[in-house]
Engineer: 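Take this structure first; my questions come after.
Below, each value reflects all heavy atoms present in this structure, side chains not excepted, and no hydrogens, waters or symmetry copies.
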Amino acid sequence: MLRKHKVVFSEHPYDYEEHGGTTVSARELGVDEHAVVKTLVMQDEAAKPLIVLMHGDCKVSTKNLARGIGCKSVEPCKPEVATRHSGYQIGGTSPFGTRKVLPVYVEDSILALETIYINGGRRGYLVGIAPQVLVELLQARPVHCALAD
């Protein structure tokens with residue numbers, strides 16, 4: 001999807017560790033974990049899926065997210081459900097090129113960063129992009145739902 005839309009990006013393969021998360025990818029790439037963005041597949045009270053993009057060193061306040069997007073509640077999808085919606089294996093979920101077009105929400109402070117590192121569609125592979133690409137390509141809507149990890 002990034003190549004198709006002629007998006008400038010850098011490629012960053014690394015040694016994936018099961019349950020290592022953004023701590024491992026940030027360490028392997030030598031970047032601040034705050035600039036590593038995790039792609040989380042969640043669902044609202046009607047089980048409608050959505051994607052939340054969050055700093056690697058933060059958690060999502062599901063209450064603040066639900067309030068911010070006008071839902072009663074939001075919760076993470078079970079891994080097999082997330083895979084069914086996104087088409088990606090857990091640990092390799094990218095917001096780009098998902099199986100279904102899903103609404104995307106991005107923690108607004110991510111948009112202030114110069115470069116972000118986000119999953120490129122498989123485990124152990126991040127791409128470096130300008131955060132504005134999230135808005136331009138995915139119509140990502142800014143939200144305030146970060147909690148310090």
Side-chain angles (χ1 to χ4, degrees), residues 1-5 7 9-29 31-111 113 116-129 131 133-135 137-149:
M1 182 177 186
L2 294 176
R3 285 188 180 95
K4 187 174 114 186
H5 288 89
V7 171
F9 66 95
S10 54
E11 300 183 70
H12 304 275
Y14 66 95
D15 290 330
Y16 178 81
E17 285 180 30
E18 195 75 37
H19 307 296
T22 55
T23 306
V24 169
S25 52
R27 182 191 71 217
E28 291 292 312
L29 300 181
V31 298
D32 183 354
E33 191 177 5
H34 198 65
V36 177
V37 175
K38 48 192 175 185
T39 303
L40 305 166
V41 182
M42 299 194 164
Q43 62 188 19
D44 67 12
E45 70 279 358
K48 287 196 184 114
L50 55 109
I51 287 178
V52 180
L53 303 175
M54 183 54 70
H55 295 285
D57 59 354
C58 295
K59 287 187 171 125
V60 173
S61 162
T62 53
K63 279 184 182 153
N64 290 348
L65 176 62
R67 200 174 303 125
I69 66 174
C71 292
K72 284 188 185 131
S73 66
V74 175
E75 64 182 6
C77 287
K78 289 185 170 65
E80 63 277 7
V81 175
T83 297
R84 199 167 57 240
H85 290 312
S86 71
Y88 292 112
Q89 185 178 21
I90 296 300
T93 305
S94 174
F96 303 106
T98 52
R99 179 177 290 152
K100 300 175 183 171
V101 175
L102 303 172
V104 178
Y105 299 93
V106 58
E107 178 60 32
D108 75 335
S109 53
I110 289 171
L111 299 174
L113 298 172
I116 58 168
Y117 301 89
I118 194 163
N119 203 292
R122 66 177 186 268
R123 291 176 169 182
Y125 179 71
L126 298 185
V127 293
I129 58 169
V133 170
L134 303 172
V135 176
L137 221 52
L138 302 174
Q139 285 73 54
R141 287 174 278 188
V143 290
H144 296 279
C145 61
L147 295 173
D149 203 354

Engineer: Could you tell me whether a side-chain N or O of Glu28 sits under 3.5 Å from a main-chain N or O of Tyr14, the two making a donor and an acceptor?
Structural biologist: no

Engineer: Search all heavy atoms of Cys77 against all heavy atoms of Ala82 and return the closest pair with its distance.
Structural biologist: CB-N, 3.9 Å

Engineer: Can you name the nearest heavy-atom pair linking Leu111 to Pro131, along with the distance?
Structural biologist: CD2-O, 3.7 Å

Engineer: What closest approach, in Å, do Pro142 and Asp108 show between heavy atoms, and which atom pair accounts for it?
Structural biologist: CB-CB, 3.7 Å

Engineer: Is the closest side-chain heavy-atom distance between Val143 and Val106 below 4.5 Å?
Structural biologist: no

Engineer: Salt bridge (charged side-chain N to carboxylate O under 4.0 Å, His left out): which pairs involve residues 9-22, sequence neighbours left out?
Structural biologist: Arg3-Glu11, Glu17-Arg27, Glu18-Arg123

Engineer: Measure the shortest side-chain to side-chain distance between Leu134 and Phe96 over non-hydrogen atoms and say whether it is less than 4.5 angstrom.
Structural biologist: yes

Engineer: With sequence neighbours excluded, what pairs up with Glu75 under the side-chain hydrogen bond (donor to acceptor under 3.5 Å, both in side chains) test?
Structural biologist: Gln43

Engineer: Does a sphere of radius 6.0 Å around NZ in Lys100 hold more than 12 heavy atoms from other residues, nucleotides or ligands, not counting ones at 6.0 Å or beyond?
Structural biologist: yes

Engineer: Under the rule for ring pair (Phe, Tyr, Trp, His ring centres under 6.0 Å), what residues qualify as partners of Tyr105, not counting sequence neighbours?
Structural biologist: none

Engineer: Applying salt bridge (charged side-chain N to carboxylate O under 4.0 Å, His left out), can you list everything that pairs with Arg141, at least two apart in sequence or on another chain?
Structural biologist: none

Engineer: Apply side-chain hydrogen bond (donor to acceptor under 3.5 Å, both in side chains) to Ser86 and list each qualifying residue two or more places apart in sequence or on a separate chain.
Structural biologist: none

Engineer: Could you pull out all residues at least two apart from His144 that satisfy ring pair (Phe, Tyr, Trp, His ring centres under 6.0 Å)?
Structural biologist: none

Engineer: Is any side-chain heavy atom of Ser109 closer than 4.5 Å to a side-chain heavy atom of His55?
Structural biologist: yes

Engineer: Say you draw a straight line from CD1 of Ile51 to CG of Leu40; how long is it, rounded to the nearest 0.5 Å?
Structural biologist: 9.5 Å

Engineer: How far does OG1 of Thr83 sit from OH of Tyr88, to the nearest 0.5 angstrom?
Structural biologist: 12.0 Å

Engineer: Taking the side chain as every heavy atom from C-beta outward, state whether His12 and Val31 have any pair of such atoms under 4.5 Å apart.
Structural biologist: no

Engineer: Look at the side chain of Thr39 and the backbone N and O of Leu53, then say whether any donor-acceptor pair between them is shorter than 3.5 Å.
Structural biologist: no

Engineer: Identify, with sequence neighbours excluded, every residue that meets side chain to side chain contact (heavy atoms under 4.5 Å, CB included) alongside His5.
Structural biologist: Met1, Val7, Leu137

Engineer: With sequence neighbours left out, write down each residue that passes side chain to side chain contact (heavy atoms under 4.5 Å, CB included) with Glu33, or none if nothing qualifies.
Structural biologist: Thr22, Thr23, Ala26, Asp57

Engineer: Show every side chain to side chain donor-acceptor pair (under 3.5 Å) that has at least one partner inside residues 89-98, sequence neighbours left out.
Structural biologist: none

Engineer: Could you pull out all residues at least two apart from Arg67 that satisfy side-chain hydrogen bond (donor to acceptor under 3.5 Å, both in side chains)?
Structural biologist: Asn64

Engineer: For the atom pair SG (Cys71) and CG (Leu50), what is the distance rounded to the nearest 0.5 Å?
Structural biologist: 7.0 Å

Engineer: Identify, with sequence neighbours excluded, every residue that meets ring pair (Phe, Tyr, Trp, His ring centres under 6.0 Å) alongside His85.
Structural biologist: none

Engineer: Identify the heavy atoms of Ser25 and Leu126 that sit nearest to each other, and give their distance.
Structural biologist: CB-CD1, 3.8 Å

Engineer: Test: salt bridge (charged side-chain N to carboxylate O under 4.0 Å, His left out). Region: residues 36-49. Which pairs qualify, not counting sequence neighbours?
Structural biologist: none

